[in-house]
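Presented below is the structure to which this report refers.
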Amino acid sequence: MHVLFSDESLQDLRDIWNFVRESSEVSADNLVVELIERAHTLREMPLRHPEIAELKGSGVRRLNVRTWSILYRVRADYIDIVRVVHGGRDQPTLSPDKD
């Protein structure tokens, strides 16, 4: 199963990198690599994380990585990374991309 990143999630990764880079470019690089690598682990057992309760029916699931959340949907033949956000954000208001 392939892991595909939405345009929004790629922008999220750029924003995360820019934010962390203010403290350390090396830390920013390491964090973004870790987030991408962890997203790719969803290839094995993509349904292991439950749907986000507040977004029930949307199919959006959450993989937590440190203080970050990778929001994704499992499609028929790929995993759709819809957003990558700080875990403290109000996730129901994020409006993940549409089906």
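Among pairs with a residue in residues 38-47, none fulfils salt bridge (Lys or Arg N to Asp or Glu O under 4.0 Å), at least two apart in sequence or across chains.
Rounded to the nearest 0.5 angstrom, H2 NE2 and D80 CG are separated by 14.0 Å. Distance check: N18 CG to E25 CD gives 10.0 Å after rounding to the nearest 0.5 Å. Atom CZ of residue F5 and atom CZ of residue R83 lie 13.5 Å apart, to the nearest 0.5 angstrom.
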From CA spacing to verdict: side chain to side chain contact (heavy atoms under 4.5 Å, CB included), T67, H86: CA-CA 6 Å; T67 60; H86 191 273; 3.6 Å; yes

Evaluate R48 against T41 for side chain to side chain contact (heavy atoms under 4.5 Å, CB included), listing each step before the verdict. CA-CA 11 Å; R48 68 181 178 250; T41 69; 3.0 Å; yes

L31/R66 under side chain to side chain contact (heavy atoms under 4.5 Å, CB included): CA gap, chis, key distance, verdict: CA-CA 10 Å; L31 175 58; R66 295 198 239 167; 3.9 Å; yes

Step by step, work out the side chain to side chain donor-acceptor pair (under 3.5 Å) result for D7 and Q11. CA-CA 6 Å; D7 291 341; Q11 185 59 53; over 6 Å; no

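M1 approaches R75 most closely through the heavy-atom pair CE-O, 3.6 Å. The two residues S9 and V84 come nearest to each other via the heavy atoms CB-CG2, 4.2 Å. The nearest pair of heavy atoms linking S69 to N64 is OG-OD1, 3.0 Å. Of all heavy-atom pairs between I79 and L42, the closest is CD1-O, 3.2 Å.
Hydrophobic side-chain contacts under 4.5 Å tie L4 into a cluster, directly or through other members, with Y78.
A donor atom on one side chain and an acceptor atom on the other are not found under 3.5 Å apart for S6 and R73.
Within the 4.5 Å cutoff, side-chain heavy atoms of H49 are placed close to those of Y72.
Just one of D12, L13, L63 meets the side chain to side chain contact (heavy atoms under 4.5 Å, CB included) condition when paired with L35; it is L13.
L47 and I70 fall within a single hydrophobic cluster, where Ile, Leu, Val, Met, Phe, Trp and Tyr side chains are chained together by heavy-atom contacts under 4.5 Å.
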